[in-house]
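First listed ligand is number 1; within each ligand, the first listed atom is number 1. Not measured: the values here are computed from a predicted model. Atoms considered below: every heavy atom in the structure, side chains included; atoms not considered: hydrogens, waters and symmetry mates.
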Amino acid sequence: MTREFFNYIDGKWIPAASGETLASHNPATGELIGAVPASDARDVARAVTAAANAFEKWRKTPAPRRAEIIHAVADLVRARKQTLGELLTREMGKVLPEALGDVQEAVDMGMYMAGEGRRLNGLLVPSELPNKWAMAVRDPLGVVGLITPWNFPIAVPSWKIFPALLTGNTIVWKPAEDTPVLAVEFVKIFEEAGLPPGVLNLVTGYGVPAGAALVEHPQVKMISFTGSNEIGKQIAVRGAQLGKRVSLELGGKNAIIVLDDADLDLALDGIIWSAFGTSGQRCTATSRVIVTPEIHSELAERVADRASKLRLGNGLLPTTDVGPLINRDAVDKVHQYTELGVSEGAALLVGGARGVEGDLAQGHFYKPTVFDRVTPTMRLAQEEIFGPSLAILRAHDIDEAIRLNNGVNFGLSASIYTSNVNKAFEAMRDLTTGIVYINAGTIGSEVQLPFGGTRGTGNGHREGGGPPVLDAFTEWKSIYVDYSGKLQRAQIDTDALVQ
Ligand code: NAP
């Protein structure tokens, strides 16, 4: 029998107004994980009303108290790490160690934000006038709408939910249609930790109508969206028309630069992990390697050899290196890029085919794929593929390598392998991505630093951690307190004082 899950609205678990459901399947095996509400605008409206009603009380709850609940959530997530990780592998496909890492990220973010509850710094500055106090505090925005992708079904929501709650906002969350059961299990933990009804509401369903209704709703003050550039841009345009704040975390076309003086073994490990971990379905995944001439052939050969030995399979099995892609469309998309790469004249070294042998036929598998002799203008070198497909490009020197890295319409993560400290610092100065790694691959951010990218990867906000995440979910309010008991005129009475 199908296990049924529900929306969480105003502290109650309820079906969609329409009664419709959508099914979630294991991408490795086709197993049915469960059915969730296929919500529409009516469910979203109900959730927004609940969040709006809960806002006044929640914003006045002291931040340290809000933080205690967040801390309790993080503790519960840690206690259930194994169960959540296994469910994550079943619903999303990534191999278990990575799934556990996804869950751990939520623990880390929860702990980080819980600590922020007793800080949540504002500004306190001297006034230009005597007997006057000048300070600025952070105000919550109100009801915020969170729309999240499937590739980090716990980590990415935690980057948004914890800071939004900590800063006093109330939430309506629309998770991806491919990972809704995990969203339900995550929200259950907030309920168990004692979060008051209405503060966090979950509405599952399709991008349209559920996500779109959230964007449209007049009481939603801000949309925090992580997902594809295509949908992100649409939301940015609509958000601007409606006068909403929109925070976008979008795609990547991340590169690892390998210079002649690099430790090749180390670079190789970084490339394989960053390109094929999560089957290449990370916004920070490496999809380009930019290599200098002396080591080009050796590196290409060794990358292809390592990629060919990666074992595809169910992510729950310890013998699996690379799990499935999220669904059939994703496999088709990656394969279209393989065909495109061949037609553009790139050299296919390995992979380039669906994984269909034995048990793989039940799931959505694609073989780790490596192209060499990719040139910068090829679509293979420019567009996000979001799968296990890697393009190797050649650059004459560090300057050209950095130019190639910066010459795409994404700016999330970049890495350089070199043993020359001067070149490492040049790269740190000149790479124009939001994240830069030296002698490490393009993946592996930590919650205490900002996460996000330049160019098409975002619109200037930073989520995922570090103090700037608080800016995404708050409004600054400057407060002046004049205790002089007389009229004091800023900018006018100031000169009189110095005489
Ligand atoms: P997506 O197709 O854009 O979907 C993201 C979310 O938006 C899903 O919940 C989706 O619902 C919803 N949605 C779809 N159409 C919508 C609409 N018209 N209005 C409102 N919401 C709508 O992206 P994805 O395939 O899930 O995720 C992969 C992308 O996310 C990649 O490009 C990846 O690079 C990016 N990503 C970026 C970061 C980052 O921090 N920069 C992190 C992770 C992933 P459905 O699920 O029902 O379609």
Side-chain angles (χ1 to χ4, degrees), residues 22-24 27 36-41 44 91-92 94 102 105 145-160 172-180 182-183 202-217 220 223-239 242 244 246-254 278-287 325-327 329-330 333-334 383-387 409-413 433-435 442-443 445 447 450-465 469 472:
L22 74 87
S24 173
V36 300
S39 310
D40 61 27
V44 168
E91 192 173 38
M92 182 272 161
K94 66 177 72 170
D102 199 319
E105 181 83 353
L146 313 182
I147 302 178
T148 54
W150 46 266
N151 69 329
F152 277 90
I154 290 231
V156 167
S158 81
W159 290 352
K160 299 177 188 294
V172 178
W173 173 27
K174 205 300 277 177
E177 70 187 56
D178 286 303
T179 50
L182 210 52
L202 175 72
V203 178
T204 59
Y206 299 105
V208 180
L214 196 52
V215 175
E216 292 295 324
H217 199 292
V220 174
I223 293 289
S224 167
F225 173 87
T226 299
S228 63
N229 287 53
E230 184 197 347
I231 306 293
K233 273 188 197 159
Q234 284 174 27
I235 291 177
V237 169
R238 193 61 191 135
L242 295 168
K244 292 180 194 229
V246 175
S247 168
L248 299 175
E249 300 289 343
L250 309 178
K253 188 70 188 174
N254 314 291
T278 324
S279 312
Q281 301 172 112
R282 288 187 184 224
C283 50
T284 51
T286 298
S287 56
L325 298 188
I326 189 67
N327 53 37
D329 285 352
K333 180 180 169 196
V334 175
E383 297 175 15
E384 186 183 46
I385 301 172
F386 221 54
N409 187 31
F410 298 96
L412 186 49
S413 184
T433 47
I435 305 168
T442 53
I443 64 182
S445 65
V447 297
F451 184 94
T454 59
R455 295 187 282 278
T457 294
N459 61 346
H461 291 280
R462 288 292 183 273
E463 295 185 10
V469 71

Nearest protein heavy-atom contact for [atom]: which residue, which atom, what distance?
| atom | answer |
| --- | --- |
| atom 42 (C) of ligand 1 | C283 SG, 3.0 Å |
| atom 40 (O) of ligand 1 | F451 CE2, 3.1 Å |
| atom 19 (N) of ligand 1 | A212 N, 3.5 Å |
| atom 35 (C) of ligand 1 | G227 O, 3.2 Å |
| atom 28 (C) of ligand 1 | F386 CE2, 3.6 Å |
| atom 43 (C) of ligand 1 | N151 OD1, 3.2 Å |

If you measure every N/O of [X] against every N/O of ligand 1, is any gap under 3.5 Å?
| X | result |
| --- | --- |
| S228 | yes |
| T148 | yes |
| K174 | yes |
| E177 | yes |
| E384 | yes |
| W150 | yes |
| G207 | yes |
| P149 | no |

For this session: Would you kindly say whether E91 and S24 are connected by a side-chain donor-acceptor distance under 3.5 Å?
Result: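 Their side chains do contain a donor-acceptor pair, which is all the 3.5 Å distance test asks for.
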
Problem set entry | Ring centers of W150, F386 separated by less than 6.0 Å |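 W150 vs F386: aromatic centres under 6.0 Å.
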
Ligand 1 versus [X], non-hydrogen atoms closer than 4.0 Å: side chain, backbone, both, neither?
| X | value |
| --- | --- |
| P175 | backbone |
| I147 | side chain |
| F152 | neither |

For this session: Flag the pair E383 and K253 as a salt bridge only when some basic side-chain nitrogen lies within less than 4.0 angstrom of an acidic carboxylate oxygen.
Result: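 Not counted as a salt bridge, because no side-chain N and carboxylate O are separated by less than 4.0 Å.
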
For this session: For atom 25 (O) of ligand 1, decide whether some protein heavy-atom distance is shorter than 4.0 Å.
Result: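 When distances to the protein are checked, atom 25 (O) of ligand 1 has a heavy atom within 4.0 Å.
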
Problem set entry | Any F152 side-chain heavy atom under 4.5 Å of T226 side chain |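 F152 vs T226: side chains apart.
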
For this session: Measure up the F451 and W159 rings against each other and bin them: parallel (under 30°), tilted (30 to 60°), perpendicular (over 60°).
Result: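 Rings of F451 and W159: tilted, 30 to 60°.
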
